2 protein chains.
Amino acid sequence: MHTVEDDRLDAVFAALADPTRRAILARLAEGEASVAELARPFAMSQPAVSKHLKVLEGAGLVSRTQVATTRLSHLEAQPLAEADAWMRRYKRFWNEGFDKLDAALAAYRDQEDET
Amino acid sequence: MHTVEDDRLDAVFAALADPTRRAILARLAEGEASVAELARPFAMSQPAVSKHLKVLEGAGLVSRTQVATTRLSHLEAQPLAEADAWMRRYKRFWNEGFDKLDAALAAYRDQEDET
DNA sequence: CGGTTATGTAACTGAGCAGTTATAGAGTGC
DNA sequence: GCACTCTATAACTGCTCAGTTACATAACCG
């Protein structure tokens with residue numbers, strides 16, 4: 001099985017796998033920004049940032065508007081909702097995980113008590 | 001900034017970026033499985049699946065136990081909780097996103113009215 | 001128009017990844 | 001100990017990706 005939603009998730013998760021791109025999203029959460037503004041905090045050339053923006057745009061995580069000579073990038077969080085929807089199926093496991101951790105800690109404590 | 005949590009998220013999101021690995025996680029959600037069992041549904045060699053498991057294990061998404069000659073893989077969802085925690089910071093945007101769409105449509109309509 | 005600023009594109013490099021086949025290792029059962 | 005099963009590792013290939021520098025566009029400003 002190889003669905004369209006799969007392709008979407010591929011792109012979203014792959015986009016999120018890079019720390020520079022996550023930092024760009026964090027910056028955009030504070031408001032729109034030009035390429036130059038986004039490039040400044042990173043020890044990285046402008047073309048590199050342009051490429052990251054292209055990846056983010058491809059994943060639907062960023063939209064852009066032309067204003068005079070500058071292109072402003074905007075955060076588009078909707079694909080994150082899709083990723084969240086995928087992960088939601090596993091939420092019961094990570095709650096269960098804490099239960100297991102609790103159980104393990106309890107077992108450990110009991111063992112401690114015995115010794 | 002390049003934190004340890006970043007490295008963790010790198011590994012988790014990168015692991016999730018591959019549809020085969022997401023399918024493996026889906027299978028493991030139904031219960032532990034051997035490498036051979038995991039390989040069967042995919043048109044893929046056993047070493048390929050072993051590599052995917054190694055990636056998943058590296059991201060902390062899978063743990064393994066040796067039982068006789070077979071190694072059973074178990075889903076470990078805790079890293080998904082970390083990824084979820086990261087995404088949580090953006091949840092307000094994906095609700096807001098629908099509002100913004102409404103606003104954009106309204107602006108477009110106004111512009112149409114003017115011309 | 002000419003210069004300047006902001007950004008995208010092209011061509012290249014090095015690294016890493018997903019897959020393959022072939023082989024090695026480790027445990028079980030007899 | 002031997003054959004068998006399950007899994008990991010090695011070596012290789014083709015592709016993608018993150019980054020670079022150099023150059024091309026495009027829109028403003030005087």
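Every heavy atom of this structure was used, including side-chain atoms; hydrogens, water molecules and symmetry mates were not. Every chain is numbered from 1, with letters handed out A, B, ... down the list of sequences. A quick note: this is a predicted structure, and the numbers were derived from the prediction, not measured.
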Legend entry - Side-chain (B/R71) to main-chain (B/T65) donor-acceptor, under 3.5 angstrom: no
Kindly say if [X] contacts the phosphate of [N], meaning a side-chain N or O under 4.0 Å from OP1 or OP2.
X	N	answer
A/K54	C/dT7	no
A/R21	D/dA18	yes
B/R71	D/dA8	yes
A/S50	C/dG8	yes

Interatomic spacing from [atom1] in [X] to [atom2] in [Y] - rounded to 0.5 Å:
X	Y	atom1	atom2	answer
B/L28	B/L56	CG	CG	8.0 Å
B/Q78	B/D84	CD	CG	11.0 Å
A/D18	B/L9	CG	CG	12.0 Å

Legend entry - Other ILVMFWY residues reachable from A/V67 by side-chain steps of under 4.5 Å: A/L72
Inset, instruction - Check whether any side-chain heavy atom of A/E32 sits under 4.5 Å from a side-chain heavy atom of A/S73, and report yes or no. - result: no
Please table the atom pairs, donor to acceptor, closer than 3.5 Å between any side-chain atom in residues 42-53 of chain B and protein atoms at least two apart or in another chain.
from, atom 1, to, atom 2, distance (Å)
B/Q46, NE2, B/S50, OG, 3.1
B/H52, ND1, B/R21, NH1, 3.1

Inset, instruction - Measure the distance from CG on A/L53 to C1' on D/dC17 and round it to the nearest whole Å. - result: 16 Å
Legend entry - Integer-rounded Å distance: C/dG8 C1' and A/L72 CG: 16 Å
Inset, instruction - Output every pair passing ring-ring contact (aromatic ring centres under 6.0 Å, His included) with a member in residues 65-89 of chain B, not counting sequence neighbours, ordered by first then second residue. - result: B/F13-B/W86, B/W86-B/Y90
Inset, instruction - Please work out which residues in residues 55-69 of chain A have a non-hydrogen atom less than 4.0 Å from an atom of DNA chain C and list them by number. - result: A/R64, A/T69
Inset, instruction - With a 4.0 Å heavy-atom cut-off, tell me which residues in residues 29-41 of chain B come close to DNA chain D, sorted by residue number. - result: B/S34, B/V35, B/A36
Inset, instruction - Provide the closest heavy-atom pair for A/P79 versus A/A59 in the form atom of the first, atom of the second, distance. - result: CG-O, 3.4 Å
Legend entry - For the student: nearest non-hydrogen atoms of A/F93 and B/A29, plus distance: CZ-O, 3.1 Å
Set out, line by line, the N/O atom pairs under 3.5 Å between protein and nucleotides 19-22 of chain D.
from, atom 1, to, atom 2, distance (Å)
D/dG19, OP2, A/H52, NE2, 2.2
D/dG19, N7, A/K51, NZ, 3.1
D/dG19, O6, A/K51, NZ, 2.1
D/dT20, OP2, A/S45, N, 3.0
D/dT20, OP2, A/S45, OG, 2.5

Inset, instruction - Establish whether B/L75 and A/M87 are linked, either directly or via other cluster members, by ILVMFWY side-chain heavy-atom contacts under 4.5 Å. - result: yes
